[in-house]
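Worksheet for the structure shown next.
This is a predicted model, so every value here is computed, not measured. Just so it is clear: chains get the letters A, B, ... in the order the sequence lines come, proteins before strands, and each one is counted from 1.
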Number of protein chains: 2
Amino acid sequence: MPTARRPTIRDIARRAGVSESAVSFALNGRPGVSEGTRERVRRVAEQLGWHPSSAARALSGERTGAVGLVLARPASTLGVESFFLQLVSGVQEALSTRRAALLFQVVESLDTECELYRRWWAERRVDGVLVVDPRSEDPRPALLGELGLPAVVVGGGEAGERLSSVSADDTSAMASIIDHLHGLGHRRIVHVAGLPGFVHTERRVSCLRAEAAARGLDPHRTRSVTTDYSDSEGAEATRLLLDEPDPPTAIVYDNDVMAVAGLATAQERSVAVPAELSVVAWDDSPLCRVTHPRLTALVRDTAAFGRLAARELLRLLDGESGRAVASALPRLEPRESTGEANRAAS
Amino acid sequence: MPTARRPTIRDIARRAGVSESAVSFALNGRPGVSEGTRERVRRVAEQLGWHPSSAARALSGERTGAVGLVLARPASTLGVESFFLQLVSGVQEALSTRRAALLFQVVESLDTECELYRRWWAERRVDGVLVVDPRSEDPRPALLGELGLPAVVVGGGEAGERLSSVSADDTSAMASIIDHLHGLGHRRIVHVAGLPGFVHTERRVSCLRAEAAARGLDPHRTRSVTTDYSDSEGAEATRLLLDEPDPPTAIVYDNDVMAVAGLATAQERSVAVPAELSVVAWDDSPLCRVTHPRLTALVRDTAAFGRLAARELLRLLDGESGRAVASALPRLEPRESTGEANRAAS
DNA sequence: ACCGGTAGCTAAACCGCGTTAGTTCCGCCT
DNA sequence: AGGCGGAACTAACGCGGTTTAGCTACCGGT
């Protein structure tokens, strides 16, 4: 069987007995055709299963109907966190209301990511992009500004003319965690953070420092250590911490995988959780609920975060100017992995 | 600052002092220009940072330079498995050699997925697609055939003219698991499978049945139960199994998340693993290595699987005809969650 | 000296849409 | 009756490439 031919506005025009321009007017809601004709054209288009060629449309209208999302992470730290698929699924929920497509790409490094933006721009593949994992010295906003490619930075950063940012309130999230732990009597709290260059990592780190200072905690005991988000570095960090002379009584991990790995490491050493050590996971997931004890976790609606980011990008594409948007506050869900600090130990 | 203008072949033509067609010939390696001119044009293009407009190219050449991947899973069962991000990252590694882009979309149902294929086809958004989670009564291959959209079914199924399939050898994988467990003395082995409509689920189920028959195991004891891949159904299935009068001595879970949940459930009931119950996870991940005991798992190179599938799709796009391709054999990695069957219990 | 063939190039058409500049027709006003 | 304006529609162009059909100059053969 030969491939079915794709219908074009020409086919519609012939069937409806009008010119191609009339069809274009009718289908795009422009003035210039009578209501009767418009309706007739619409019916024919429907009946033929017509959809505009994205290529042709992009070529004339300068709009592709696609947005891009690049994930720059080495393959090893990939594929464990539930965060990204959730985010992406939220993004698409918002995009699908406009029939926009998502170009998704995983690359190894930030440089490759920047090259990719250049290529996408030159190839006119995308109308805008979502930037994730913002860094403290991030070359991407400047590049995108130079290219004139609208962008939304997911996770914070400043806004610009064609640049928005949506951010989770890491500061108050960290504060609520410290509040919870401090209230349970913990005085030696260590934060096992993710990659050091990331903006959200640094925000969390500095918030922890501020909280510690505000509560008069020893900054050598209550502090952050950085990792690459992997289970192995999470476990390794945990081992080093437990080996210290005055080990922490509570550890906050920057993702679910490290939290689970840390919990396992503690149990391996017969450190009782939560009796001797409390554990908190930043970001909830099914993982946090299948361990024993279940992990106290910071619950965020990641899909909603993705929706918010995508909607903001659509707003930019509509010509509105950039701004900074804050997402809903995360909530700390206390479970069995956190408990009163051991009096003797503290 | 105004947005930089994107260079076109016209700019190149002017700078190089030749016609636009000559530029096109030169850059696409067609005959019709001298080597000297070709080289000069190439240099100018490079210098201008030119990349062909994907829209313009698609409009004339009928090729978009993009392929699609749709994931039809309800949001709830999403985002836990490491499988898809790994697959996608492998896919892109292969695609990037041809500078092809990936359109990635998550939808709720198979119907939406089919609609999406129709739309992508009509909009000429993709040159071909990767189909995942093949079902036993799958409408997708027929639809794609009708549309003339080249496709690769990831996970098995038959091939066609513009349709290939790449498959993991589930049968021998299941055989190796049963072999391992049977060798350890297990005679009551239950397989906690994933969604019942999936081809790979059914292949695994029927292989388990065949293996049981071949070894003379009681088909009421050695059998499969199906779930939706979620941690909660994995845990629930485990509870039901452990409550049976003659509970299984070994359970094989169809993904890592259910295996971890199952292990936790057993431990919650003080069922010792592996002394009283052996646990196997189908698909390895960091999760399987952070539990106690660590989980015996079926290790597959998922990224390599993705690469294979993408390469096969590129082959189809080059005009080669469809075929069935087999991926590398999976390997069973024995860890501490499997051990000798308890003599008394069996 | 003449002719045919080919290498190297240009002009022009085309892909499918959006858009702008006409064109026709009709009703209304003076 | 003539002019005028707007509604409804069509013709033609451009977007940035690819591709086909020419066109010219040169080269070798007889």
Side-chain angles (χ1 to χ4, degrees), chain A residues 3-42 44-45 48-66 99 119-125 127, chain B residues 3-42 44-45 48-66 99 119-125 127:
Chain A
T3 298
R5 212 176 59 77
R6 296 173 241 234
T8 71
I9 52 167
R10 188 169 194 156
D11 301 318
I12 303 178
R14 271 203 280 265
R15 283 226 197 184
V18 292
S19 71
E20 298 174 31
S21 353
V23 173
S24 179
F25 292 148
L27 295 174
N28 291 309
R30 310 262 129 133
V33 284
S34 67
E35 262 321 301
T37 310
R38 191 185 297 277
E39 197 41 51
R40 187 156 40 92
V41 167
R42 274 210 191 109
V44 175
L48 258 49
W50 177 88
H51 291 271
S53 153
S54 59
R57 208 165 235 188
L59 199 51
S60 45
E62 285 296 294
R63 282 287 268 275
T64 307
R99 340 206 91 195
R119 217 177 74 212
W120 276 355
W121 171 78
E123 293 181 349
R124 296 145 181 85
R125 268 204 195 276
D127 297 328
Chain B
T3 297
R5 213 176 58 78
R6 295 172 241 234
T8 71
I9 51 167
R10 188 166 191 160
D11 300 320
I12 303 178
R14 272 203 279 264
R15 283 225 196 184
V18 292
S19 72
E20 298 174 29
S21 353
V23 174
S24 179
F25 292 148
L27 295 173
N28 291 307
R30 314 257 129 141
V33 285
S34 66
E35 262 321 301
T37 310
R38 192 184 298 277
E39 198 40 51
R40 185 157 41 93
V41 168
R42 275 212 190 105
V44 174
L48 258 49
W50 177 88
H51 290 270
S53 152
S54 59
R57 204 163 239 186
L59 197 52
S60 42
E62 285 296 296
R63 283 286 270 276
T64 305
R99 339 206 92 193
R119 217 175 76 212
W120 277 355
W121 171 77
E123 292 181 349
R124 297 149 182 83
R125 268 204 196 275
D127 297 329

Q: Give the rounded distance in Å between these two atoms: CD of E35(A) and P of dC9(D).
A: 11 Å
Q) Rounded to whole angstroms, how far apart are CZ on R6(B) and P on dC15(D)? A) 14 Å
Q. For H51(B) and dG17(D), what is the distance between atoms NE2 and C1' respectively, to the nearest whole Å?
A. 16 Å
Q.
Whole angstroms only, please: what is the CD-C1' distance between E39(B) and dG8(C)?
A. 17 Å
Q. Rounded to whole angstrom units, what separation is found between the CZ atom of R14(A) and the P atom of dT10(D)?
A. 14 Å
Q: Side chain of S34(B) only, please: which of dG16(C), dC9(C), dG17(D) is the nearest?
A: dC9(C)
Q) Roughly, in whole Å, what's the span from CZ in R124(A) to P in dC17(C)? A) 20 Å
**Q.** Euclidean distance, atom CD1 of residue I9(A) to atom C1' of dC15(C) [Å, nearest integer]
**A.** 12 Å
Q: Would you indicate, yes or no, if dT18(D) has its OP1 or OP2 atom less than 4.0 angstrom from a side-chain nitrogen or oxygen of R57(B)?
A: yes
Q: Please tell me which of the listed nucleotides, dC15(C), dG17(D), dC9(D), lies nearest to the side chain of L59(B)?
A: dC15(C)
Q: Output all residues satisfying side chain to side chain contact (heavy atoms under 4.5 Å, CB included) with R119(B), sequence neighbours left out; order by chain, then residue number.
A: H51(A), R99(A), L116(B), E123(B)
Q: Would you jot down, in residue-number order, the residues of residues 18-32 of chain A having a non-hydrogen atom under 4.0 Å from DNA chain C?
A: S21(A), S24(A), F25(A), N28(A), R30(A)
Side chains of residues 12-22 of chain A: which donor-acceptor pairs under 3.5 Å do they make with residues two or more places apart or in other chains?
| unit_1 | atom_1 | unit_2 | atom_2 | d |
| --- | --- | --- | --- | --- |
| S19(A) | OG | A22(A) | N | 3.2 |

**Q.** Interatomic distance where CZ belongs to R63(B) and P belongs to dG16(C) [whole Å]
**A.** 17 Å
Q. Distance-only, no hydrogens or angles: does the D127(B) side chain make a donor-acceptor pair with backbone N or O of T64(B) under 3.5 Å?
A. yes
Q | Close side-chain approach of V33(A) to V41(A), heavy-atom, < 4.5 Å | A | no
Q.
Below the 4.0 Å mark, does dG16(D) have OP1 or OP2 next to a side-chain nitrogen or oxygen of W50(B)?
A. no
Q) Who passes salt bridge (charged side-chain N to carboxylate O under 4.0 Å, His left out) against R30(A), sequence neighbours left out? A) none
Q. Can you list the residues that meet the salt bridge (charged side-chain N to carboxylate O under 4.0 Å, His left out) rule with R42(B), with sequence neighbours excluded?
A. E39(B)
**Q.** Phosphate contact (dA8(D) OP1 or OP2) by T37(A) side-chain N/O below 4.0 Å
**A.** no
Q: Please name all residues satisfying side chain to side chain donor-acceptor pair (under 3.5 Å) with T8(A), sequence neighbours left out, ordered by chain then number.
A: none
